[in-house]
Amino acid sequence: MSRFFAGGSDSDSDSSTESEPVVRQPAAQFTFSDDEEDVKRVVRSKKEKRYEDLSNIIKSIRNHKKIKDMSSVLTSFEEFVRAYTKALPVVMKEENGVTPRIVVRALAELEDFINDTWDDKDNRKSLSKNNNKALGTLRQKFRKYIKDFESDMARFRAAPEDFAEDDEDDERDEGKESESEDEKVVQAPVPKAVSFKKDPEKPKQAKTSNDSDSSDWGSDSDSDTSSSDEDSKYQTLRDRFLKKPEKNVEDPAAVPTGALGEDAFKKEKKKKTADSLTKKIRKPKAEEAFDENDEEEEEGWKVVNGSRSGASEQPKMFAKDAEIDTKLVVNKLNEVMAARGKKRTDRKLQIEFLRELRLIAETNNLGPAVAAKIRFNIVSAIFDYNPKVSGPMKLEHWSKLLEEIQALLELLLEHEEVHLSESILDELEEYETAPYKIRGCMLTAVERLDDEFTKLLKECDPHSNEYVDRLKDEVTVTNIVDQVVKYVERLDNETEICRIYLRKIDHLYYKFDPNVLKKRKGQLPANTVTSVEEMDKLCRYIYAKDQTDRLRTRAILSHIFHHALHDNWFQARDLVLMSHLQETIHHSDPSTQILYNRMMANLGLCAFRHGNIKDAHLCLVDLMMTGKPKELLAQGLVPQRQHERSLEQEKVEKQRQMPFHMHINLELLECVYLVSAMLLEIPYMAAHEFDARRRMISKTFYQQLRSSERQSLVGPPESMREHVVAAAKAMRHGDWNACANFIVNKKMNVKVWDLFFEANRVREMMVKFIKEESLRTYLFTYSNVFASISVPHLADMFKLPKSKVHSVISKMIINEELMASLDDPTETIVMHRSEPSRLQALSMQLADKVTNLVDANERIFEMKQGNFFQRGGNQGYNRDRQNYRNQNQNQNWNNNRRQDNRNRGNRGNQNRGEGRDHQGREQREQQREQREQQREQREQQREQQREFREQQHQQREAMRNVEFQSKA
């Protein structure tokens with residue numbers, strides 16, 4: 001019943017005296033008019049305003065977190081940052097610089113929310129594009145902002161219960177009490193008549209809701225009898241809904257409610273809230289999914305595993321009086337493994353049963369065969385525990401897997417009579433008498449172990465300590481591979497030996513062994529076994545015994561990579577040329593193509609270290625011309641502009657990525673490519689400055705150089721590309737010193753050159769090549785200015801020995817790159833002045849371009865008209881070409897006339913209807929012969945035109961030589 005219709009008898013007021021004394025102001029018995037109503041203005045302090053703004057923003061952040069609205073969370077976080085910046089003066093003054101507890105708690109909750117959302121990749125993929133973008137932005141901003149609160153966050157993580165929000169708990173309690181306000185209203189007694197006298201103060205008593213407004217509506221006799229016997233058990237309505245404590249446990253909530261009981265209830269509630277927070281902090285979802293602890297929580301609830309349907313499906317161990325023998329244990333093992341892969345199978349419980357079975361077998365000494373069989377099934381069960389094929393397994397299972405495989409291998413190597421093979425059928429297994437036979441494949445288990453190790457490395461952040469910790473497991477993995485090599489070699493199966501050898505090669509080919517170079521220099525004894533010799537032995541066996549092309553191809557690529565890594569340039573080059581892999585590699589699978597790209601990149605670096613600049617450029621040009629070497633080497637994904645990848649494509653490409661410790665430095669690769677292109681392109685550009693048919697050697701380098709030349713203002717170089725472009729500009733003017741300073745300096749040493757094994761030797765080699773190519777560029781550019789040049793002067797200018805300068809100039813003269821001769825007595829270079837002037841070179845360039853244009857026009861016209869040269873008239877660009885056409889027309893006139901007569905005769909025969917089929921066949925053959933004759937004629941005409949142009953070019957050259965000699 002509503003309180004406005006309740007009666008106000010004295011019995012009701014007396015019965016409510018024992019209720020909780022919540023005082024409310026007496027209701028006025030009269031009201032004034034609206035004009036006379038006094039509206040009071042609430043004045044709040046600055047502290048209250050700031051704290052209220054912060055609390056409102058924190059509430060909005062919590063609401064947005066519930067629905068995972070990342071954009072709104074980001075906006076609210078930015079508002080929170082601004083609001084807390086405004087509240088900082090108040091915090092410094094009122095709290096003495098201590099961060100408020102509500103702020104620390106909100107930041108901790110937001111940090112946990114961001115980390116959990118970021119770690120849950122499956123749910124993150126389901127977010128929209130805007131929410132994903134907002135999540136990344138929020139994560140970056142929060143990481144920067146949280147640095148100022150590290151000490152506060154550490155205190156919160158240590159003791160979350162100290163940061164419980166009192167205000168929030170009070171509000172929740174008041175909210176609960178307000179829900180029962182319709183049932184219980186506490187009010188001071190109201191006088192029966194309106195009086196303006198001040199009554200003496202009396203103790204205020206609580207009333208039920210039936211007594212409210214009783215002065216207005218009077219009392220009702222039914223209200224006295226409305227309460228039932230059940231209501232008399234509880235002193236207040238709040239006690240009615242409190243949880244009943246257990247009989248044998250003392251609960252502070254059972255104390256009669258009052259001021260003391262209420263405080264105790266609030267403290268207990270805060271304690272429970274803090275305990276639940278400490279349990280929820282940074283608990284991964286994967287652990288929650290597989291958490292099977294049977295601990296009882298404070299409410300008496302139990303965690304039930306939803307994957308099991310009941311205890312009836314769990315395999316039971318042996319009876320107490322059962323005699324344990326080999327047959328019984330094997331049957332129990334088959335019973336446990338029969339549930340493998342089924343829908344309701346508890347994988348964790350299955351592993352526990354297998355371990356218990358192993359202990360029983362070891363206790364009863366059932367032999368090595370049973371122990372090996374159980375351990376192999378434990379390994380298989382651990383592999384099955386990870387439900388995701390693409391995702392890595394948990395670290396705890398990974399460590400257990402390593403232990404089980406090591407123990408199994410030790411058992412197999414110790415007992416040679418135990419044979420574990422895939423070729424053994426289940427019916428032929430033998431556990432009791434030697435030789436023992438077990439069905440299974442150790443090689444497959446180790447291959448899957450290796451794949452799981454690669455997944456674990458890809459999942460870790462490569463710049464964190466976690467990656468280093470996981471990488472330490474590679475020692476264990478390689479030891480396991482070595483043990484499997486011994487075991488497989490004992491079985492003498494060539495196919496399995498090739499497979500395990502390739503696994504060992506995969507862990508060996510990318511590792512640099514300094515003992516190789518030390519042994520080459522004689523610093524180590526000759527009988528020292530290096531990684532190069534080990535690789536050679538493994539690869540040669542695969543070359544000889546492998547029956548599949550894939551293993552042989554991967555072995556060759558790894559062998560070349562390892563040779564190139566240790567500067568065995570000639571061996572690596574010969575393997576590439578003899579294998580002809582560059583012709584068939586595009587038919588291979590993607591992982592083999594990635595290995596081929598890695599091999600070519602490393603081979604280019606090896607060629608550069610040996611000073612073979614052309615070979616280095618040829619090896620790297622295919623990788624760098626595409627503009628995406630990162631993807632070709634499987635070292636990361638580059639965002640695509642035209643279309644986005646689908647989730648499946650991105651997932652497949654991520655599985656192909658290489659672990660971080662196997663990456664090749666892309667900046668080093670690009671620098672070597674650009675420097676090689678500069679040493680080849682700049683002298684070529686200087687030698688063919690006015691050549692219309694000049695071809696670019698390196699398109700990427702040429703574009704970088706042209707883009708730099710188009711800039712109106714070029715500052716000092718900063719990046720690696722800018723250093724190489726600045727060096728190229730200096731080389732074009734023959735300034736070798738500036739070019740060398742741009743290439744070899746402190747910044748470039750740190751970025752690039754110090755990454756080489758013998759960095760000083762590489763730097764000296766580069767400076768030597770820069771001097772030589774700058775000398776060639778200088779001679780190409782300024783040879784028409786000098787009549788003669790002194791060789792000692794050039795040697796002093798470029799800081800080269802005279803013999804080297806003499807050698808470079810002699811090569812240029814022999815290759816007809818420089819029109820000059822060497823005068824040995826005077827040690828000078830005498831220029832022949834055969835090079836044309838700038839005006840002559842431009843006119844020759846124009847003539848060549850016009851000739852090319854005319855040839856292109858003739859080809860286009862031939863395609864449209866059939867045969868261009870059968871047309872008459874003065875059409876051509878010179879008299880000689882018209883003469884050739886006239887000659888051809890005279891030669892072909894009789895043939896055309898005979899052909900026309902044949903065509904007329906054929907038409908007459910067709911009209912008479914005699915031998916139509918035979919004549920049609922002859923006509924088609926004649927047309928085919930005619931087209932072949934026309935094609936031959938066109939080819940002859942083109943050859944004649946080429947000969948004519950060559951004769952003209954020779955005549956012009958002869959005339960120029962005569963003119964230059966007469967001037968000289």
Side-chain angles (χ1 to χ4, degrees), residues 611-614 617 676-698 702 727-740 767-845 847-848 950 953-954 956-968:
N612 300 319
I613 305 300
K614 272 189 178 179
H617 183 267
S676 303
M678 177 192 73
L679 295 174
L680 296 174
E681 186 80 39
I682 297 301
Y684 181 80
M685 290 171 62
H688 302 83
E689 185 178 2
F690 305 109
D691 191 356
R693 299 182 181 182
R694 183 181 66 193
R695 296 287 182 266
M696 290 179 292
I697 296 176
S698 172
Y702 193 80
K729 290 181 179 179
M731 183 182 281
R732 290 182 70 177
H733 302 294
D735 190 356
W736 72 270
N737 196 11
C739 178
V767 172
K768 179 175 74 74
F769 274 108
I770 286 172
K771 290 178 181 179
E772 294 176 7
E773 297 304 323
S774 298
L775 171 61
R776 296 180 72 241
T777 307
Y778 182 82
L779 292 174
F780 283 135
T781 306
Y782 301 110
S783 60
N784 56 353
V785 178
F786 296 100
S788 61
I789 306 175
S790 172
V791 173
H793 177 71
L794 290 175
D796 183 61
M797 181 186 296
F798 291 96
K799 300 295 188 244
L800 288 170
K802 292 181 183 179
S803 58
K804 191 64 180 177
V805 175
H806 191 279
S807 172
V808 170
I809 295 172
S810 300
K811 288 179 182 177
M812 294 174 67
I813 293 173
I814 291 171
N815 295 330
E816 296 183 357
E817 296 175 341
L818 184 66
M819 296 301 174
S821 59
L822 281 168
D823 190 1
D824 289 335
T826 58
E827 294 184 343
T828 56
I829 307 168
V830 179
M831 300 297 174
H832 290 173
R833 295 282 186 176
S834 60
E835 287 81 5
S837 64
R838 182 174 179 81
L839 181 61
Q840 291 171 339
L842 290 174
S843 61
M844 291 172 61
Q845 187 176 355
D848 290 337
E950 289 177 0
H953 184 68
Q954 291 175 1
R956 286 197 298 269
E957 289 293 329
M959 292 174 64
R960 284 196 206 97
N961 292 334
V962 172
E963 290 177 359
F964 292 152
Q965 288 175 2
S966 62
K967 289 180 182 179

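Excluded from the calculations below are hydrogen atoms, water molecules and symmetry mates; all remaining heavy atoms, backbone and side chain alike, are included.
- One distance of note links CD1 of Ile682 with NZ of Lys729; it measures 10.5 Å at 0.5 Å rounding.
- Contact annotation: the side chain of Leu818 approaches that of Ser783 to within less than 4.5 Å [non-hydrogen atoms, C-beta and beyond].
- The two residues Leu822 and Ser810 have their closest heavy-atom pair at CD1-OG, 3.4 Å.
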Item to check | Residue pair Thr828, Val791: steps toward the side-chain contact (heavy atoms from CB on, under 4.5 Å) verdict | outcome: CA-CA 5 Å; Thr828 56; Val791 173; 5.9 Å; no
Checklist entry - Going through the checks in order, is the side-chain contact (heavy atoms from CB on, under 4.5 Å) test met by Tyr702 and Met685? => result CA-CA 10 Å; Tyr702 193 80; Met685 290 171 62; 4.2 Å; yes
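- For the atom pair CE (Met844) and CG (Leu839), the distance works out to 12.0 Å, reported to the nearest 0.5 Å.
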Next on the checklist: I'd like to know whether Lys799 forms a side-chain contact (heavy atoms from CB on, under 4.5 Å) with Asp796, so could you lay out the CA-CA distance, the side-chain angles of the two residues, the decisive distance to 0.1 Å, and finally the verdict.
Outcome noted: CA-CA 5 Å; Lys799 300 295 188 244; Asp796 183 61; 4.2 Å; yes
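- With a 4.5 Å cut-off on side-chain heavy atoms, His617 and Ser698 count as touching.
- In this structure the side chain of Arg732 never reaches within 4.5 angstrom of the side chain of Thr781, judged on heavy atoms.
- Minimum interatomic distance between Ala738 and Ala730 (heavy atoms only, all atoms of both residues): CB-CB, 3.9 Å.
- With contacts defined as side-chain heavy-atom distances shorter than 4.5 Å, the pair Met819/Met831 does not qualify.
- Lys768 places none of its side-chain heavy atoms less than 4.5 Å from the side chain of Lys771.
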Next on the checklist: The test is side-chain contact (heavy atoms from CB on, under 4.5 Å); show your working for Val830 and Ile789 and say whether it passes.
Outcome noted: CA-CA 7 Å; Val830 179; Ile789 306 175; over 6 Å; no
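- Between Phe786 and Tyr782, the distance separating the two ring centers is not shorter than 6.0 angstrom.
- Counting heavy atoms from C-beta outward, Tyr778 and Phe798 have side chains that approach closer than 4.5 Å.
- Residues Ala728 and Met678 approach most closely at N-SD, 3.7 Å, considering heavy atoms.
- In terms of heavy atoms, Thr777 sits closest to Glu773 at OG1-O, 2.7 Å.
- A donor-acceptor pair under 3.5 Å links the side-chain atoms of Glu681 to the main chain of Ile697, judged by distance alone.
- With hydrogens and angles disregarded, a donor-acceptor distance shorter than 3.5 Å links the side chain of Ser774 to the backbone of Ile770.
- Proximity of Glu817 to Arg776: side-chain heavy atoms (C-beta onward) are separated by under 4.5 Å at one or more points.
- Atoms CZ and SG, from Phe769 and Cys739 in turn, are 13.5 Å apart once rounded to the nearest 0.5 Å.
- Residues Ile809 and Ile829 have side chains in contact (heavy-atom distance under 4.5 Å, counting atoms from C-beta outward).
- No donor-acceptor pair under 3.5 Å is formed between the side chain of His806 and the backbone N or O of Lys802.
- The two residues Pro683 and Phe780 come nearest to each other via the heavy atoms O-CD1, 3.6 Å.
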